[in-house]
Amino acid sequence: MLDPVILYFGSFNPIHQGHLSVARAAQQYYGGKAEVWFVLSAQNPFKQKADLWPDEKRWKLLLEAIANKPGMKACDVELNLPTPSYTIKTLNYLRQQNESREFVVLIGEDNLAGYTQWKDYKSILQMCKIMVYPRKEENRAENENSKEDQNIYDKNKAKIPSDLAAYTDRIILLEGDLLAQSSTAVREVNIGSDPKDWAQILQWRGSRAEALRQESQKIKEKNVGKNVYLRGLIEYSNYCAKNCYYCGIRRDNSDVKRYIVSEEEVLNAMAFAHKEGFGSVVLQGGEIKDKDFVLKIEKLLKQAMTMSGGQLGITLSFGEQDKDTLKRWREAGARRYLLRVETSNEALYKRLHPSDHSFKDRIKTLDYLKETDYQVGSGVMIGLPWQSPLDMANDLYFFKQREIDMVGMGPYIEHRFTPLYEQRKNIPSLEERYEYSLNMLALLRLLMPTINIASTTAMASLNPKGREEALRIAANVIMPNITPYKYRENYFLYENKLCICESEQDSKEHIEETIRNAQCEVAYFKSGDSKHYFNRLDPKNEDPIL
Ligand code: 5AD
Ligand code: SF4
């Protein structure tokens with residue numbers, strides 16, 4: 001006679017190693033050959049749960065996870081039957097479709113506790129046996145309150161509740177700490193130390209990508225916790241002496257209305273950020289080098305220090321400046337500086353910039369930043385024309401080798417009025433750039449566990465959940481835009497940039513919701529310096545090994 005089919009009901013959000021070990025134990029109970037059908041429960045359309053992924057995503061990961069696993073199948077009946085899905089209905093349907101088969105329903109010990117509330121539970125028990133796997137060990141101790149219980153209690157075996165005492169012969173109890181690995185993703189993640197391996201990892205998609213991202217989330221929480229630091233972003237000016245081929249505010253784009261935010265407006269924005277508990281602000285703008293500009297920034301820094309009693313963390317981002325200027329600004333109160341290298345491949349850098357732009361000068365400026373004691377931030381664009389996965393992997397190697405303290409990186413997004421727009425057919429699709437970006441963030445977190453990583457606006461421009469996903473898996477910094485509204489439409493680095501029309505995206509409520517949805521916490525009134533920076537200064541604090 002055929003072994004029964006074991007129906008394993010669950011939301012598998014996402015499927016993990018614990019589920020697979022439960023399924024294996026169920027198969028073993030029948031000598032290893034029984035079939036297990038993973039019955040994916042549908043998202044109840046009337047009760048959308050924020051933490052439940054869409055049906056298609058859970059289904060896809062489930063299929064990939066059990067591919068090539070003997071006897072394991074995925075079953076989508078509940079996605080197609082009307083909701084709410086009652087087990088009795090699903091069971092009747094499956095029995096009709098498979099008249100010759102006997103079914104066993106596999107559920108967790110937690111579900112067994114409320115089993116008598118299930119619709120037609122007695123009929124279910126008449127039709128088929130119920131197989132139960134024990135609850136996860138760490139969740140049970142507090143529930144075992146009677147002393148007597150503790151003594152007779154076998155920690156790896158489920159208990160049958162008293163209201164089901166009459167059915168003990170219909171209930172099969174599986175044994176073992178089966179869910180021990182329940183947060184471990186289905187695939188093992190071994191990142192190695194060779195950029196060539198990383199280039200492969202960056203191309204992972206589906207369940208392998210999810211495994212990578214779950215691993216990175218774990219390492220992030222272990223090393224920098226769940227805090228997300230806020231940096232109020234002030235786009236100070238869109239004047240720029242540079243002419244980068246990809247950038248919307250490049251010098252030669254005459255469509256741009258140029259502006260400089262007034263001193264008073266900057267101070268107001270900073271005061272707002274300080275009052276609202278943003279630990280820091282970022283003053284960002286195009287590259288201007290004249291004396292007047294240098295002095296203006298210096299003055300603003302000093303005013304900000306006075307206004308906040310030295311509390312407000314200030315990050316600058318004004319391109320390549322000479323060492324004296326950087327030193328001056330550092331002494332006036334700036335403590336961090338962002339200078340993206342854009343790509344670590346010098347040949348590619350050359351193709352993205354006019355001949356008077358120099359990769360070596362860029363690197364030299366990064367050295368100056370270290371020498372003048374800044375927390376050094378850098379970054380790259382992901383999905384550029386001519387950029388290979390190995391180039392991206394080498395970008396990560398670059399950050400690691402140069403001991404960068406903070407990274408802001410995101411997808412390249414084409415801009416109609418730039419020379420690089422010509423190459424728009426020669427880049428990965430938006431979806432692919434999004435996937436690459438998430439893998440880059442995850443892999444970077446695994447390689448550099450204590451750095452600060454920003455969840456960038458460009459991520460949100462590719463996918464409405466982009467910033468949230470970046471925070472969930474790797475990032476711990478977000479930069480809400482606090483530039484006065486009247487200037488925002490003039491700071492178009494790329495098209496579809498979240499801007500004036502979507503300014504509520506950066507409202508306090510929206511940012512808080514993004515952070516909450518990412519299962520993180522808002523760190524108000526904290527400056528959130530890079531832990532990596534302090535470890536770098538004091539070699540006693542070695543960066544933790546994974
Ligand atoms: N797509 C994505 N990012 C861009 N930047 C400039 N142009 C683009 C674009 N088209 C980024 C660069 C720069 C930062 C200020 O904005 O990385 O360093
Ligand atoms: Fe200027 Fe930066 Fe744009 Fe290049 S990327 S043109 S340096 S603002």
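Every number for a ligand or one of its atoms is a count from 1 in the order of the listing. If you're wondering where the values come from, they're calculated on a predicted model, not measured in any experiment.
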Got a sec: does the NZ of Lys196 have more than 12 other heavy atoms crowding it under 6.0 Å? no
Using a 6.0 Å cut-off, check whether atom NZ of Lys370 has over 12 heavy atoms from anything other than its own residue. yes
Please state which part of Met381 comes within less than 4.0 Å of ligand 1, counting heavy atoms only: side chain, backbone, both or neither. side chain
Subset of ligand 1 atoms that lie under 4.0 Å from at least one heavy atom of Arg340: 11 (C), 12 (C), 17 (O), 18 (O)
Tell me, which protein residue and heavy-atom name are nearest atom 7 (N) of ligand 1, and how many Å apart are they? Tyr246 CD1, 3.4 Å
Count the heavy atoms of every other residue, nucleotide or ligand shown that sit under 6.0 Å from CD of Glu422, and state whether that count exceeds 12. no
Quick check on contacts: which atoms of ligand 1 are under 4.0 angstrom from a heavy atom of Pro411? 2 (C)
Any chance OH of Tyr259 has more than 12 other-residue heavy atoms, nucleotides or ligands included, within less than 6.0 Å? yes
Under 2.8 Å from atom 3 (Fe) of ligand 2, the protein N, O or S atoms found are Cys247 SG
Mark yes or no: Arg424 above the aromatic ring of Tyr421, with NZ or CZ under 6.0 Å from the six-membered ring centre and no more than 45 degrees from the axis. yes
Any salt bridge linking Arg205 with Glu64? Criterion: basic side-chain nitrogen under 4.0 Å from a carboxylate oxygen. no
Do protein heavy atoms approach atom 2 (Fe) of ligand 2 to less than 4.0 Å? no
re atom 15 (C) of ligand 1, the protein heavy-atom contact at minimum distance is Leu493 CD1, 4.0 Å
Please state which protein non-hydrogen atom is closest to atom 10 (N) of ligand 1 and give its distance, to 0.1 Å? Ile413 O, 2.6 Å
Within 6.0 Å of NZ in Lys242, more than 12 heavy atoms from elsewhere: yes
Residue that, paired with Tyr374, satisfies ring-ring contact (aromatic ring centres under 6.0 Å, His included) out of Tyr337, Tyr368, Tyr533: Tyr337
Near-ring test Phe318/Phe293, centroid separation under 6.0 angstrom: yes
Cys247 heavy atoms, cut-off 4.0 Å: which ligand 1 atoms fall inside? 7 (N)
If we number the atoms of ligand 1 from 1 as shown, the ones under 4.0 Å from a heavy atom of Tyr412 are 1 (N), 2 (C), 9 (C), 10 (N)
Do His353 and Tyr349 have their ring centres less than 6.0 Å from each other? yes
Return the orientation label for the Trp198 and Tyr397 ring planes: parallel under 30°, perpendicular over 60°, tilted otherwise. tilted
For atom 17 (O) of ligand 1, closest protein heavy-atom neighbour: Glu342 OE1, 2.5 Å
